[in-house]
Amino acid sequence: MKKYDLYSKGDPAKNFSPLPNEVFYLDLSYGAIAIYGYLMHIEDRKTFQSYASYNTIGRAVKMSANTVRKYVLELEDKHLIRTESTTVVTRDGRKRNGTLRYHIRPIREAVDHYHERQLCQLELDVERQKAQARLSRLCAAQEPPLSAGHPTTPPTVERGVSGLCGPVCKVGGLSDFQNGQVNRGVEKSAG
């Protein structure tokens with residue numbers, strides 16, 4: 001039998017590893033996709049589990065063990081896999097750490113988790129914009145009006161704390177902060 005005949009006969013599903021299309025829409029790095037593909041390749045199709053050390057995975061995808069660990073953590077964070085520690089009992093009865101057991105999670109869970117994170121990030125961005133607008137209005141109301149010759153700029157984060165809250169806080173000035181003296185409602189002595 002020729003080598004190329006291996007893939008043309010028999011069940012084609014035995015010779016290929018399925019990779020869900022959704023993996024490419026979850027903002028995964030290239031290394032995480034490579035490791036996920038390898039884990040899908042070595043998994044037991046009945047239990048959805050696979051066993052491999054970081055070194056074994058690293059040799060297969062041409063990465064160091066530390067890099068593999070980083071991408072495995074990324075896959076766990078994205079809810080694509082779940083890892084479980086295993087132990088091995090040696091011949092002399094001592095217990096040792098084994099390789100990790102990888103559980104491939106259903107892709108639907110990962111997609112749902114991704115969408116939940118996107119919604120939370122959107123809510124945080126909206127709240128941040130609302131707070132920025134409130135702060136701009138508050139600072140604009142507290143700042144004294146400038147003369148006609150000076151351009152006005154709205155308060156921004158780049159202007160720093162003194163630019164945003166100087167007039168609002170009613171603190172003596174920046175030099176008081178630099179000297180470590182802050183007016184906390186107590187009058188400074190004149191001597």
*Verify, without hydrogens or angle tests, whether Lys78 (side chain) and Leu26 (backbone) share a donor-acceptor contact under 3.5 angstrom.*
yes
*Under the side chain to side chain contact (heavy atoms under 4.5 Å, CB included) rule, what do Met40 and Ile104 come out as? Steps first, then yes or no, please.*
CA-CA 8 Å; Met40 293 288 288; Ile104 308 294; 3.6 Å; yes
*State yes or no: do Leu122 and Val111 share one hydrophobic cluster built from I, L, V, M, F, W and Y residues joined by side-chain heavy-atom distances below 4.5 Å, directly or via other members?*
no
*Determine which pairs satisfy salt bridge (Lys or Arg N to Asp or Glu O under 4.0 Å) with at least one residue from residues 102-114, sequence neighbours left out, and list them in order.*
Arg105-Glu109, Arg108-Asp112
*Give a yes or no on whether a salt bridge exists between Glu84 and Arg82, defined as a side-chain N under 4.0 angstrom from a carboxylate O.*
yes
*Minimum-distance pair of heavy atoms, taken over all atoms of Val61 and Ala34*: CG1-O, 3.9 Å
_Sub-4.5 Å side-chain heavy-atom contact between Tyr71 and Met63_ = yes
*asked:* Arg128: which residues meet the side-chain hydrogen bond (donor to acceptor under 3.5 Å, both in side chains) condition with it, sequence neighbours left out?
replied: Asp125
_Verify same cluster id: Leu19, Tyr102 (apolar side-chain graph, 4.5 Å)_ = yes
*Do the side chains of Arg101 and His103 get nearer than 4.5 Å, heavy atoms only?*
yes
*Tell me the salt bridge (Lys or Arg N to Asp or Glu O under 4.0 Å) pairs involving residues 114-124, sequence neighbours left out?*
Asp77-Arg117
*Test item: Thr86 side-chain N/O and Thr99 main-chain N/O as donor-acceptor pair under 3.5 Å*: yes
*For Asp44, which residues count as a side-chain hydrogen bond (donor to acceptor under 3.5 Å, both in side chains) partner, sequence neighbours excluded?*
Thr47
_Are His41 and Glu43 packed together at the side-chain level, in the sense that at least one heavy-atom pair is separated by less than 4.5 angstrom?_
no
*asked:* Run His113 and His115 through side chain to side chain contact (heavy atoms under 4.5 Å, CB included) and show every step you take.
replied: CA-CA 5 Å; His113 178 73; His115 290 306; over 6 Å; no
_Just so I know, are the side chains of Ile107 and Val23 near enough to count as touching, which here means a heavy-atom distance under 4.5 Å?_
yes
*Rounded to the nearest 0.5 Å, how far apart are NZ of Lys95 and OG1 of Thr87?*
4.5 Å
*Ser50 to Ile42 - nearest heavy-atom pair and separation*: CB-CG1, 3.6 Å
*Do the side-chain N and O atoms of Asn66 and Tyr54 include a donor-acceptor pair separated by under 3.5 angstrom?*
no
*Distance from Gln121 atom CD to Leu124 atom CG, nearest 0.5 Å?*
5.5 Å
_Taking Phe24 as the starting point, is it possible to reach Ile81 by hopping between hydrophobic residues whose side chains are less than 4.5 Å apart?_
yes
*Please report the C-alpha distance between Asn55 and Ser53 in whole Å, then the side-chain angles of each, then the deciding distance to 0.1 Å, and finally whether the side chain to side chain donor-acceptor pair (under 3.5 Å) criterion is met.*
CA-CA 5 Å; Asn55 289 327; Ser53 67; 5.0 Å; no
_Residue list, side-chain hydrogen bond (donor to acceptor under 3.5 Å, both in side chains) with Thr67, at least two apart or on another chain_ = Ser64
*Please answer whether the main-chain N or O of Ala52 pairs with a side-chain N or O of Thr56 as donor and acceptor at a distance below 3.5 Å.*
no
*So which pairs with a foot in residues 28-37 pass side-chain hydrogen bond (donor to acceptor under 3.5 Å, both in side chains), sequence neighbours left out?*
Ser29-Glu74
_Using 0.5 Å steps for rounding, measure from the OG1 atom of Thr83 to the CG atom of Leu75._
10.0 Å
_Test side chain to side chain contact (heavy atoms under 4.5 Å, CB included) on Gln49 and Tyr51; report intermediate values, then the result._
CA-CA 7 Å; Gln49 296 177 7; Tyr51 297 89; 3.6 Å; yes
*At what distance, to the nearest 0.5 angstrom, does CD1 of Ile35 lie from NZ of Lys70?*
9.5 Å
_Rounded at 0.5 Å granularity, tell me how far CD in Glu22 sits from CG in Leu80._
10.0 Å
*Determine, step by step, whether Glu127 and Lys130 satisfy the side chain to side chain contact (heavy atoms under 4.5 Å, CB included) criterion, reporting the C-alpha distance in whole Å, the side-chain angles of both residues, the deciding distance to 0.1 Å, and the verdict.*
CA-CA 5 Å; Glu127 286 300 318; Lys130 286 181 183 178; 4.1 Å; yes
